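Handing you a structure now.
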Amino acid sequence: EEMEQLARAIERAGMPKDVRKEVYKQLKRLEGMHAESSEATVIRTYLDWMIELPWKKISRDRLDIKEAARILDEDHYDLTKVKDRILEYLSVRKLNPKMKGPILCFVGPPGVGKTSLGRSIARSLGRKFHRMSLGGMRDEAEIRGHRRTYIGSMPGRIVQALKLCGKRNPVIMLDEIDKLGSDFRGDPSSALLEVLDPEQNNSFTDHYLNVPFDLSKVMFICTANVLDTIPQPLLDRMEVIRIPGYTEQEKVTIAERYIVPRQAKDNGLKEGELELGEGVLSRIIREYTSEAGLRNLEREVGSVCRKMARKKAEDEAGPYVVSTENLHTILGVPRFLEDETEPDLPPGVALGLAWTPVGGETLHVEVTTMPGKGKLLLTGKLGDVMKESAQAALSFARAHAGEYGIDPSFTENRDIHVHVPAGATPKDGPSAGVTLVTALISALTETPVRPDLVMTGEISLRGRVLPVGGIKEKILAAVAKGMKHALIPAQNNKDLQDIPEELRKRIQIELVERVEEIWPKAK
Ligand code: ATP
Ligand code: MG
């Protein structure tokens, strides 16, 4: 009787013919077994999986582009470029459903809306959404499952996700694809490659199921904080969409329109009961957060709302007003004090801009010289690329010593010490090149650099300033630190169009083509 029930369920599941054959084979084996044996249990679990997978179940796409645009706008402020790209993608799907679009990959610092955009896409298509974190995943079996050899073995995470969704065309978000690991248990990225490859993924074989499952209807979206750790073959399959981070004004607007109403509601406050104005939001952003995204802002607003909810619960009369006067009693001592730019920098110190996984950051480079034999000493958490930049900076200073009035014998009778304090996140990359040269010249000429100036750019041995990444993130960070001037490579000119007017008013950005142009602007 159990067998009949199973057979009926298998019939209903809508499996492809070959799969059904395999499943019936297993059913036959089960029939011949002692019902309580452990082998029978293994087979029964397998059959349950097979029956419950959405072989046929599919949700109909809502491909109404206007409606999709409305939903994206309802969930997210601004991000015009990103939304446009998503709508184009959906339009192509609508006009040519057979076309296998590229896999979108959202790249940006934490809390800029990557995950929530994915959710929004699913909502606008009327599909199920599933988020899967790949961070720290090292075992291929996590993607592809374990062979059915023992009682505890299970399908991999892709198949699990499909069962949870109950439809074979969900939006699956592969979060943190840049943090994928690999070790002796196999390389999950090669399994992922198969999952994401439109040529292969219509017959993806999970080790546990041991039959192909068609993933071609799944829409995969990836997210990452940085690109450089994503395996190249995976990256080749993806279309990268960058989400760089928000200005203070943008954050205030997002908070007013989205975060505050949501947090107030979640914490049981009705509309109009909470008063939390623009000025206070700016203060929260400046004094309690330091981030490109909105994660901590959301947390702090949540904490304000809980405190107000308590007042309400204790029957205190509303409205509950948060003002710049009572903010500190509510949230406690500010975590970040407004960064006054340092009044003066000592000779040998220059400020650069770095691009880290959590967004832009200012970077101090300190150079001191002392009597010695021309040794170059590097300390702080410098990566290899930055060490090479330091070498290049030294070669430049040596070659051009005369022009700066530097005694060229420094390479024989002085040691050079370059220090880059690590700060919260270790930094590496060639973009510190111009800052290293500037700090070096400043130290050798004993002339200080302007304290409100930041710079970024790679240098070539011939003294050209080469373009670098993350310009918008870097400018956001520079403005947040109160910097007034920024020098960026001339070849990054094209990136300036991404920088909002609001920021351009607060910092003067100059383009430089050659290293020689920097010093006159810096001192
Ligand atoms: P992580 O890298 O840490 O996973 P993330 O980019 O996935 O970060 P989300 O979790 O999507 O970030 O966003 C953080 C919060 O900020 C969410 O509550 C999201 O709704 C909100 N948010 C982000 N960007 C916007 C925006 N442009 N408009 C409205 N809300 C936004
Ligand atoms: Mg996320």
Side-chain angles (χ1 to χ4, degrees), residues 107-109 112 225-228 242 244-248 290-293 336 339 341-342 345 349-367 380-383 385-386 389-390 392-393 418-442 449-459 465-500 503-504 506-513 515 517-519 521-522:
V107 180
V112 293
N225 292 136
V226 291
L227 282 181
D228 31 328
R242 287 185 188 276
Y246 301 102
T247 64
E248 185 181 313
S290 164
E291 58 182 353
F336 303 92
D339 267 301
T341 42
E342 293 177 46
L345 297 175
V349 176
L351 304 179
L353 290 169
W355 185 20
T356 71
V358 295
E361 225 176 84
T362 51
L363 166 107
H364 273 246
V365 173
E366 304 172 7
V367 176
K381 276 228 179 77
L382 279 71
V385 180
M386 223 194 266
S389 298
V418 177
H419 181 67
V420 182
T425 30
K427 300 161 193 80
D428 194 17
S431 76
V434 289
T435 319
L436 288 159
V437 181
T438 307
L440 187 58
I441 296 174
S442 165
V449 174
R450 307 171 56 147
D452 58 356
L453 171 86
V454 281
M455 56 188 81
T456 183
E458 179 174 356
I459 54 171
V465 177
L466 306 174
V468 294
I471 293 292
K472 183 174 177 197
E473 288 92 331
K474 288 173 172 175
I475 297 293
L476 279 171
V479 171
K481 289 267 161 145
M483 296 291 148
K484 296 282 183 285
H485 300 269
L487 303 180
I488 70 168
Q491 287 183 56
N492 282 110
N493 196 4
K494 58 177 187 337
D495 299 314
L496 292 181
Q497 68 193 42
D498 296 339
I499 299 186
L503 281 188
R504 298 274 229 117
R506 294 172 64 184
I507 192 162
Q508 187 196 348
I509 303 174
E510 281 188 82
L511 299 168
V512 290
E513 226 161 300
V515 179
E517 296 165 45
I518 293 173
W519 184 242
K521 298 182 199 292

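Keep in mind that what you see is a predicted model, and the values were worked out from it rather than measured.
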Worksheet item: Are any of the side-chain heavy atoms of Asp495 and Ile475 separated by less than 4.5 Å?
Response: no

Worksheet item: Are Leu476 and Thr247 close enough that some pair of their side-chain heavy atoms sits under 4.5 Å apart?
Response: yes

Response to the item:
In terms of heavy-atom contacts, Val449 and Ala350 come closest through CG2-CB, 4.5 Å

Worksheet entry | For Val385 against Pro430, the heavy-atom pair lying closest together | CG1-N, 3.5 Å

Discussion item. Working to the nearest 0.5 angstrom, can you tell me the gap between Leu440 CG and Leu436 CG?
Written reply: 8.5 Å

Worksheet entry | Over all atoms of both residues, closest heavy-atom pair of Gly352 and Val454 | O-CG1, 4.1 Å

Discussion item. I need the minimum non-hydrogen distance between Lys521 and Arg450, along with the two atoms involved.
Written reply: O-CD, 3.5 Å

Worksheet entry | Nearest-0.5 Å distance, CD of residue Gln497 to CD1 of residue Ile471 | 12.5 Å

Worksheet item: Considering all heavy atoms of both residues, which atom of Val112 and which atom of Gly293 are nearest to each other, and what is their separation?
Response: CG1-CA, 3.8 Å

Worksheet item: Rounded to the nearest 0.5 Å, what separation is found between the CD1 atom of Ile507 and the NZ atom of Lys484?
Response: 8.0 Å

Worksheet entry | Rounded distance (nearest 0.5 Å) linking atom CG of Leu351 with atom NE2 of His485 | 12.5 Å

Discussion item. Using every non-hydrogen atom in the two residues, find where Pro109 and Ala292 come nearest and quote the distance to one decimal.
Written reply: CG-CB, 3.6 Å

Item to complete: Measure from the side-chain N and O atoms of Asn225 to the backbone N and O of Gly108, and report whether any donor-acceptor pair falls under 3.5 Å.
Response: yes

Worksheet item: Looking at residues at least two apart in the chain, or sitting in another chain, which of them share a side chain to side chain contact (heavy atoms under 4.5 Å, CB included) with Leu227?
Response: Val107, Ile230, Leu235, Val240, Arg242

Discussion item. If the test is side chain to side chain contact (heavy atoms under 4.5 Å, CB included), which one of Thr362, Asn492, Leu363, Val468 qualifies with Lys474?
Written reply: Val468

Worksheet item: Got a second to check how far Asn493's CG is from Ile509's CD1, nearest 0.5 Å?
Response: 10.5 Å

Worksheet item: Is there side-chain contact between Leu496 and Leu511, with heavy atoms separated by less than 4.5 Å?
Response: yes

Worksheet item: Do Glu366 and Pro421 have side-chain heavy atoms sitting under 4.5 Å apart?
Response: yes

Worksheet item: When rounded to the nearest 0.5 angstrom, what distance separates CD in Glu517 from CG in Leu487?
Response: 9.5 Å

Worksheet item: Near Glu513 CD, under 6.0 Å, is it more than 12 heavy atoms from other residues, nucleotides or ligands?
Response: no

Discussion item. Which residues pass the side chain to side chain contact (heavy atoms under 4.5 Å, CB included) test with Pro244, not counting sequence neighbours?
Written reply: Lys472, Glu473

